[in-house]
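Have a look at the structure below before the remarks.
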Amino acid sequence: MTAESLFSGPLRYLPSICAVSVLLWLTLSPDPLPDNKVQLWEGADKMAHALMFGGLTAIFMSDTFRRRPLNILILLVIFAVGIASGAAIEMLQRAMGLGRQAERADFYADALGVVAAGGAWLLGRFSHK
């Protein structure tokens, strides 16, 4: 069994499902890394948001376009879902009342990560052709 055949059918989205699960845990649980008392630089959490949502976007794009041609409509849907997910998570953080803060700057970092990773993924894809 090859990796190609393993990730066929519904299983081709397994990386996306795993990434979404981790992202939801990191963004919605009250204290996802309780033993992490390391003080990072100011704004490090914004970089983490951009990297998380950028990684998620790259995984979505890889899962989606692994065996099908690039489709601009599907690409725009992936971008929209990524950005809307960032907004939804910030609203959920506010509504859940579990000690997490909803911040507009987090949403902006999420959106920047989606666009930057999507653009980088596209550049990488077209630079190999």
Side-chain angles (χ1 to χ4, degrees):
M1 177 177 280
T2 65
E4 181 97 4
S5 65
L6 178 64
F7 289 108
S8 62
L11 279 182
R12 78 170 177 235
Y13 294 105
L14 186 60
S16 291
I17 293 166
C18 291
V20 167
S21 299
V22 170
L23 187 133
L24 288 174
W25 176 69
L26 287 171
T27 57
L28 295 177
S29 65
D31 193 10
L33 305 171
D35 295 334
N36 184 11
K37 302 300 180 207
V38 176
Q39 292 296 319
L40 301 174
W41 66 93
E42 186 176 335
D45 68 316
K46 305 308 177 240
M47 182 175 284
H49 274 263
L51 290 171
M52 281 191 305
F53 278 83
L56 184 64
T57 300
I59 291 169
F60 278 170
M61 292 175 74
S62 294
D63 284 352
T64 302
F65 298 118
R66 183 177 296 125
R67 289 200 195 122
R68 70 172 69 158
L70 190 62
N71 178 311
I72 194 69
L73 181 59
I74 295 173
L75 179 69
L76 291 174
V77 167
I78 290 172
F79 277 45
V81 166
I83 293 170
S85 297
I89 285 172
E90 293 305 313
M91 289 187 279
L92 283 169
Q93 285 178 342
R94 181 178 309 196
M96 290 172 66
L98 294 175
R100 301 297 297 258
Q101 261 185 295
E103 294 182 32
R104 188 172 293 164
D106 286 348
F107 167 70
Y108 294 150
D110 299 342
L112 177 65
V114 168
V115 173
W121 188 91
L122 287 170
L123 283 173
R125 178 166 176 151
F126 289 118
S127 69
H128 287 80
K129 292 192 176 204

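Both I72 and I78 are assigned to one and the same hydrophobic cluster, defined by single-linkage of ILVMFWY side chains at heavy-atom distances under 4.5 Å. The same ILVMFWY cluster, assembled from side-chain heavy atoms under 4.5 Å apart, contains both W25 and I89. Both Y108 and L56 are members of a single hydrophobic cluster when ILVMFWY side chains are connected at heavy-atom separations under 4.5 Å. In the hydrophobic cluster analysis, where Ile, Leu, Val, Met, Phe, Trp and Tyr join through side-chain heavy atoms closer than 4.5 angstrom, F65 is grouped together with V20.
A19 and I59 make their closest contact through CB-CD1, 3.7 Å (heavy atoms, listed as atom of the first residue, atom of the second, distance). The two atoms that bring D106 and K46 nearest to each other are OD1-NZ, 2.7 Å, heavy atoms only. In terms of heavy-atom proximity, F79 sits nearest to V115 at CE2-CA, 4.2 Å. Across all their heavy atoms, V114 and G82 have their closest contact at CG2-C, 3.8 Å. In terms of heavy-atom proximity, G54 sits nearest to A117 at O-CB, 3.1 Å. Across every non-hydrogen atom of S16 and F60, the tightest pair is OG-CD2, 3.0 Å.
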Pair I83, F53 - check side chain to side chain contact (heavy atoms under 4.5 Å, CB included), show working. CA-CA 8 Å; I83 293 170; F53 278 83; over 6 Å; no

Does L75 form a side chain to side chain contact (heavy atoms under 4.5 Å, CB included) with L122? I'd like the steps, not just the answer. CA-CA 10 Å; L75 179 69; L122 287 170; 3.8 Å; yes

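Atoms CD1 and OG1, on I74 and T64 in that order, are 7.0 Å from each other to the nearest 0.5 Å. How far CE of M47 is from CE of M52: 13.0 Å, rounded to the nearest 0.5 Å. Here the straight-line distance linking atom OG of S21 with atom CG of L26 works out to 11.0 Å at 0.5 Å rounding. Atoms CD and OG, from E90 and S85 in turn, are 11.5 Å apart once rounded to the nearest 0.5 Å. The distance from the CD atom of E103 to the CZ atom of R94 is 10.0 Å, given to the nearest 0.5 Å.
Side chain to side chain, S62 and W121 meet the donor-acceptor criterion of an N or O pair below 3.5 Å.
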